[in-house]
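Every chain is numbered from 1 and lettered A, B, ... according to where its sequence line falls, protein lines coming before strand lines.
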Amino acid sequence: MKIIAFLNNKGGVGKTTCSRTMAEYLGKIKKMPTLAIDFDPQCNFSHQYLNMEVDPVAPEGLMPPIHPDYDENSAEDADWDGRSSVAEIFYGQGVVPYPTWVEHLDMAPGHAEKLLAAESVRRSEVVEKVHVQLSQFLSSRDVQETYKAVVIDTAPSKGPLTVSVIRAATHIVIPSVMEEQPVQGIYGMLQLWMQESMTREKERPLILVGILPNMFKQTRLHRDILKSLEDNTAISKYILPVRLSQRIVFAEIDSEDSTPHSIFDFPDNHVAKQEAMEVCNYISGRIFE
Amino acid sequence: MTRKKRFGVSQSISQGLSDTIQAVEHHAGIFRHVVLPLSRIELDPDNPRKLAITLSDVRKGLDRTDPAYHKKAAELEKLTELATTIKNSGIINPVVAWKGPSLYRIVAGERRCLASVLAGRTEIEARIFNEKPNAFDLKLIQWTENTAREDLSLNERLGNIHDIQHEYLARHPGAAFSATLLSGMTGLSLAQASYYMTVLSGPLDVKNAIQSGHLANLDKAAVISGVQINSLRTDMLRACLAGCTLKELRSMAQQKKMPFPVKPVANRQPGRKASRINMGSTRHTGVVAFLAKTLLETPTLSPHVGLFAKVDWNHYDHAARAFRTLVELLEKRLAGQDTGP
């Protein structure tokens, strides 16, 4: 099972869009049993596939809906409130992934309040309570036997949640807008990659697939910054040879009633679909072949 | 005309990105940093640091009936000092270990481990090699770890150098293990490396004095080891053990005109290469007359006998000049250049 995480501690660089595109590609195109995990308290990734709920008494944000398999009259579900998020791993409870409208794709949604609580765990307890929990969950036999791929969207931070994802991942991709501040975010992620790589066993390396130029615009700013990264020999080999351009279609398909709802449901000659296919083919090739 | 602005990543970010990438590429997979339970460690029996005290002694306490009790008690006292600092501020550098068949074997940091146990700690920060380091690397690591320690005896340091040499030669059969090579490997100065090599290849009496702990100074050991004359070396060793300084030892060696080992040189004559034969000289004029007469009777020179008819063979100058002429004639005849008188 491959665990692919999209990371950048700078917000607004398109982590969620990349996670969504990759998850749908693996499910729809590759027909690969895939689990999407939302580790960002903003829960935007979850909202793509589930009708996340806003609870007025939980002002921190969204929470998962009632699970379709939940039966309040069943004795089996007597101890369950019917909602399940990936944050349950921090509370010693099981995670029940939700089916989504994308074939072969399940979702372990976020839970704003619970994820924020995990992010604020005291420093002395963080390793035991946060860092290792996702890794343990994904190592469980149930998860390993059910899925061939896991795609994780992360919070724009270098905090305990992101470290937890890095600890669990087999592959990481760093999407970045080719602007100064997001590039600084790349540095933050490389630091985490280095720290994790120094603690890993040789047989289980954390592979940096690369830096994905995202939301790319044919402007002098984006072109020059991409070129300055490519001109550095150490960095250039980690700059992916594919890119996702800034396109309104990615924002449009976020809308609940958009048709089509997935970039991969567009006609084959659609330029955005072609670009998404090219990016996902490349990343998937690097990971699975 | 205005010039178009050019953009780029700042120098510091670009440097930071490439440094981080290179750090991972160069170091990931070699070792990992972990917190190691002290219950899962064992000491390396081959470590050049020859501690008498064991993990069991520290965990269970010393046994008064143990023959090595006094040595262990002294070591325990030193460890207690270290344990106090560990109790207060932990260890500064992680220990180094590799995963043995059942326990983690400590490559470097034995005292820190023992003192941590003594301090009541249950874990220690460690750098774990992903694979068992080969014997040569192991010895080098232990040298690097131990070299900065002042409390490591000369015998222990020599033992470590000996092991490094042994493992190097095992990996490079037939290679020469020189002081320059040792200096390059360990970071020792060339002089220090030479001293170690001199002592290692030196006489047994000096090594025995080092082993017993009576001789603990490398420079002195090297000066004494270099002495070839047994009696002088014995005197110097005795003087050293009596407290002689290095300068005094060097002076002893100089006063007795210590013969340094003479390098074998090729057996050749000084000066230019000989191209002719000196026929020698004699005060006895009869010798020259006899030689001349004998030669002029031979078929080779008999045709020239008339040239020497008037020579006064009793006169030194006449006899010498005539003999030279005779030799020149003979040279020409033998070379086939003589056309006859």
Asker: Within the supplied structure, the quantity of interest is the number of heavy atoms (other residues, nucleotides, ligands) at a distance under 6.0 Å from A:Glu145 CD; does it exceed 12?
Answerer: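 For A:Glu145, atom CD is crowded (more than 12 foreign heavy atoms under 6.0 Å).
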
Asker: Table please: side-chain donor-acceptor pairs of residues 6-19 of chain A below 3.5 Å, with sequence neighbours left out.
Answerer:
{"from": "A:Asn8", "atom 1": "OD1", "to": "A:Lys10", "atom 2": "N", "distance (Å)": "2.9"}
{"from": "A:Asn8", "atom 1": "ND2", "to": "A:Pro175", "atom 2": "O", "distance (Å)": "2.9"}
{"from": "A:Lys15", "atom 1": "NZ", "to": "A:Asn8", "atom 2": "O", "distance (Å)": "2.9"}
{"from": "A:Lys15", "atom 1": "NZ", "to": "A:Lys10", "atom 2": "O", "distance (Å)": "3.1"}
{"from": "A:Thr16", "atom 1": "OG1", "to": "A:Asp153", "atom 2": "OD2", "distance (Å)": "2.8"}
{"from": "A:Ser19", "atom 1": "OG", "to": "A:Lys15", "atom 2": "O", "distance (Å)": "2.8"}

Asker: Could you grab the distance from atom OG1 of B:Thr20 to atom CD of A:Gln195, nearest 0.5 Å is fine?
Answerer: 10.0 Å

Asker: Please indicate whether B:Lys99 has more than 12 foreign heavy atoms, meaning atoms of other residues, nucleotides or ligands, lying under 6.0 Å from its NZ.
Answerer: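 Yes, the 6.0 Å shell around NZ holds more than 12 heavy atoms from other groups.
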
Asker: For atom NE2 of B:His166, decide whether the heavy atoms of other residues, nucleotides or ligands shown that lie under 6.0 angstrom number more than 12.
Answerer: no

Asker: For the CD atom on A:Gln181, are there more than 12 heavy atoms of other groups (residues, nucleotides or ligands in this structure) within a distance under 6.0 Å?
Answerer: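 Open.
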
Asker: To the closest 0.5 Å, what do you measure between CG (B:Leu17) and CD1 (A:Ile239)?
Answerer: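 One finds 8.5 Å between CG of B:Leu17 and CD1 of A:Ile239.
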
Asker: Looking at B:Glu125, I want to see if its CD is surrounded by more than 12 non-hydrogen atoms of other residues, nucleotides or ligands under 6.0 Å.
Answerer: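 Not more than 12 within 6.0 Å, no.
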
Asker: If you compare all heavy atoms of A:Ser197 against all heavy atoms of B:Val24, which two are closest, and at what distance to 0.1 Å?
Answerer: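 Scanning both residues, the minimum pair turns out to be OG-CG1, 3.7 Å.
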
Asker: Which atoms of A:Glu180 are under 4.5 Å from chain B, going by heavy atoms: the side chain, the backbone, both sets, or neither?
Answerer: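 Only the side chain of A:Glu180 comes within 4.5 Å of chain B.
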
Asker: So how far is it from B:Ser18 OG to A:Leu229 CG, rounded to the nearest 0.5 Å?
Answerer: 10.5 Å

Asker: A:Lys227 versus chain B, heavy atoms under 4.5 Å apart: side chain, backbone, both or neither?
Answerer: neither

Asker: Against chain A, label B:Ser10 side chain, backbone, both or neither, depending on which of its atoms sit under 4.5 Å from a heavy atom there.
Answerer: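 Contact with chain A is through both the backbone and side chain of B:Ser10.
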
Asker: Return the CD to CD1 distance between B:Gln22 and A:Ile235, rounded to the nearest 0.5 Å.
Answerer: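 CD1 of A:Ile235 is found 9.0 Å from CD of B:Gln22.
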
